[in-house]
Protein chains: 2
Amino acid sequence: MIASAERRATITDVAREAGTGKTSISRYLNGETSVLSPDLRERIEAAIAKLDYRPNQMARGLKRGRNRLIGMLLADLTNPYSVEVLQGVEAACHALGYMPLICHAANEIDMERRYLQLLTTYRVEGVIVNALGVKEELLQTFSRGGVPVVLVDRSIEGLVTDMVGLDNPAAVSLATRHLVDEGFDDVLFIVQPFRRISSRRVREAAFRDTIGALGAQGSTVVLDLADEAPALAAIDVQLEASEEKGTRIALFAANAPVALRVALHLKERYGADWQQRAALMSIDDSEWAELAGMTTIRQPTYDIGRRAVEFLHERLEGARMPARECLLPGELVVRASTRRDKL
Amino acid sequence: MIASAERRATITDVAREAGTGKTSISRYLNGETSVLSPDLRERIEAAIAKLDYRPNQMARGLKRGRNRLIGMLLADLTNPYSVEVLQGVEAACHALGYMPLICHAANEIDMERRYLQLLTTYRVEGVIVNALGVKEELLQTFSRGGVPVVLVDRSIEGLVTDMVGLDNPAAVSLATRHLVDEGFDDVLFIVQPFRRISSRRVREAAFRDTIGALGAQGSTVVLDLADEAPALAAIDVQLEASEEKGTRIALFAANAPVALRVALHLKERYGADWQQRAALMSIDDSEWAELAGMTTIRQPTYDIGRRAVEFLHERLEGARMPARECLLPGELVVRASTRRDKL
DNA sequence: TTGTATGCGTTATCAG
DNA sequence: CTGATAACGCATACAA
C-alpha cells in the first residue's frame, strides 16, 4: 500500500515525512543535488518513494512562469499528413522536456478559434499552428504576448513568424517533370480552393510555372470537397477530350484528401481496374498509395514536426532573430500509376 | 492596441482597472453575476475587454483542485480507429468544458508509461485509456488517487473500471454470418497476436464460436506486423489449397492495420486486380475501404469516444457506482469484395 | 548545508 | 452587495 487515499502528496508532506523543510525537497527535485548532504538526500528519496510523490506541474508553472506546455493546433487529423507531423512534434517535445497540448480543429473554423483561446488560458509557452483559417490577429495575440508561434505547412497573410513546411515549388516541379518525362502530353492539376491557403496557392503556381517552362500542356481544376460535382465534371470533360484525341493525360492531386476523392471518382468511372485506365499521382504518400500503386511525393513530415518544435525551443531559450523559413524537400515515390508503358 | 506588452493581465490588473477588488472579478468570472451591481458589472466587463484578460487555468486549478484537464492516452494514432475515437472525445470534452490532454504512445510501450506519469504530474481529473500494454497497477495509481479511468476498446486484466468499445461478439458474428451467407466455404480470420489484448482475444473467440455454430469451415492466422512472413506464408498455403479444391475462401481481417497488410500481400500475389481474385473483409472501415471495394464492419467510433467522456464526467460529478461496460454495435458495410457472384 | 518567508494568480472565507 | 485576506503547491531570495 503506497499511496494514501484521495489526495496526492504535496511537497509539504514530503518535507514532513523526511523531517526537513520544503526548500530541500524543491532543491532535490530541481537537481541541485550537489548542495544536499547524502543523508538528507536519502531521506528525501525515501519519503518521495513512500508517498509516491509527483510534483504538481501546475503549481510549478505558476511559480516559475513556465509550465512546459506547448500548444499544437491541427486543422485536420484525418489527413495523415497531420498525424505524421504530430509524431515528429511529440518526439521532439519529449526530447526537449515539453508537453504538447494537442488541439484538433476537425476542419471547423470556430473550433480553431476556441482552441486558440483555450491555449491562451492554459498559458502555453509557445504554439505550433497548422491552421485552417485563423486570421493573423488571433496569432498576433500570442507573439505580442511573448509567446512564440511557428507555422506548419502554410503561412498566414500579414503574419511574420517562423514557419516550416514542404519545399512546394521544388516538389511540384519534381512531380511535373516526372509526368512529362514519362510521356504524358497533358497534366491536370487538381487542388482545393487555393486562394486562402498559401501552400495550395504555391503548389498551383509552381505547377503552372513548371508546365510552362517545359512547354507542356496542363491546366488546373479546383475541387471543393464540400461541393465536388463541378470539379468532377470538369475532370470528366478533360478525360473524354483526351480519349478522343488519343493523348495521354495524367491527373496530379495537390494533396491526399484530393487524391482519395479523385481516385474514388476514377473507380466509379472506369470500374475496379481504374488504375489501368487512368494515371493519378499526388502530393502526400498516404497509406493506401502503395495499395493503389499510386506515384506520390512523400513529405518529410516527421522532420517538419521536429523542426517546428526546435524553432520554438530556440525562441523559448531566448533566441532573438528575424522570422525564419524552413522548407524541406519532398521525395518522389514512383509507382505503377505513372509508368511510361502504362496507357 | 489592446494588450500591453510581454505580460498577460492578471486578475489584480483587472481589479485595479475596474477600481474594485479581486473578489468581484472572480465572482464575475464564475458567473455569480446576480450578486453584482449592474454598474460594477459593466466596469468589470470593460476592464476585461480593455486588458484582454484571460483567467489563468493553472492558478485556477491550483486553487480549486480541478483544472478541467482530461488525459487521453492513445496507443496508435496511425490507426484511423484512434483518430475517430478522438473526434468523439474532443467533441464531448468541448461540450462538457474539459480540455483533453492527448498522449500518443506511437506503439511504444514505455512512451505509454512516461505519458501516464506526465498525466499524473499535470493533475488531470480523469483518464481515457486505449492502452498498448500498460499493466493494471499503473492505472490503479489513478483510481486509487480518486482519478477515474475509462478504458477504450480493450480491457486490462485485473483492473475493474468503466470501459467502452465495440460489441465484438455481435460484430464478428454479423461479419462471419455474412460471409457464410454469401456462400464462402472457408473463412480465414487474420488477427494480430491476441493473447494480451482483450478486444483481439474476444474477436478471435467470437469467430471460432460463430463458425462452429454455423457448421462452417474456418481457421485463425496470427499476423505479427513486426514479423509478417510466417502469417503471409500461412495465408498463401490456405489460398492455394482452396484453389486446388475449388472452394471459395474469404479473408477476414480483425482490424484495419491487418487488413492493409493483407491487401498489400494480395496485391503482390494476384497483381493489380487482386480485388477480383480474392475476398477480403475487415473490422474497421478505413478511408481506403471504399476505394478497394472492401466489405467492412464500421465501428461506432465517434460514439465510443463520446461515451467515454460521459462516463468520466459522471464520475467526476460524484457518481458512485460499480464499473460499467458499454458495448456499442458495429455496422456491416457490404461492398464488392464479398459479393456472392464474385469468385 | 539547511530552513524561513514571500509570492505566482485564483478562489474561498469571512467580515463589513 | 463588496472587499480584505488566507490558502492552493511550489520555487526562490535571503538568512542562518
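In what follows, chains are A, B, ... by sequence order, proteins preceding strands, each numbered from 1.
Ring centroid separation for the pair B/Tyr98 and B/His313 comes in under the 6.0 Å cut-off.
Atom CZ in A/Arg8 sits about 11 Å away from atom P in D/dC10, given to the nearest Å. Rounded to whole angstrom, the span from the CZ atom of B/Arg16 across to the C1' atom of D/dG3 amounts to 16 Å. Rounded to whole Å, atom P of D/dC10 lies 11 Å from atom CG of A/Leu62. Taking atom CG of residue B/Asn67 and atom P of nucleotide C/dG9, one finds them 18 Å apart after rounding to whole Å. A/Arg68 has its CZ atom 16 Å from the C1' atom of D/dC10, to the nearest Å. The separation between B/Leu51 atom CG and C/dG9 atom C1' is 15 Å, rounded to whole Å. The CD1 atom of A/Ile48 sits 10 Å away from the P atom of D/dC10 (whole-angstrom rounding). If you take CZ of A/Arg43 and C1' of C/dT2, they are 10 Å apart, rounded to a whole angstrom.
Defined by atom type and a distance below 3.5 Å, a donor-acceptor pair is missing between the side-chain atoms of A/Ser82 and A/Asp76. For A/Tyr53 and A/Glu17, the side-chain atoms include no donor-acceptor pair closer than 3.5 Å. Using a 3.5 Å distance cut-off with no hydrogens or angles, the side chains of A/Arg54 and B/Gln117 do pair a donor with an acceptor.
Judged by the 6.0 Å and 45° rule, B/Arg324 forms a cation-pi pair with B/Phe311.
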Next item on the list: Scan nucleotides 10-16 of chain C nucleotide by nucleotide, 5' to 3', and note B when protein non-hydrogen atoms come under 4.0 Å of the base, S if they reach only the sugar-phosphate, - if neither.
Entry: BBBBB--
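Dashed line: the shortest gap from a side-chain N or O of A/Ser24 to OP1 or OP2 of C/dG3 is under 4.0 Å.
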Between side-chain atoms of residues 18-27 of chain B and protein atoms elsewhere (two or more places apart, or another chain), which donor-acceptor pairs fall under 3.5 Å?
residue, atom, partner, partner atom, Å
B/Ser26, OG, B/Asn30, ND2, 3.4

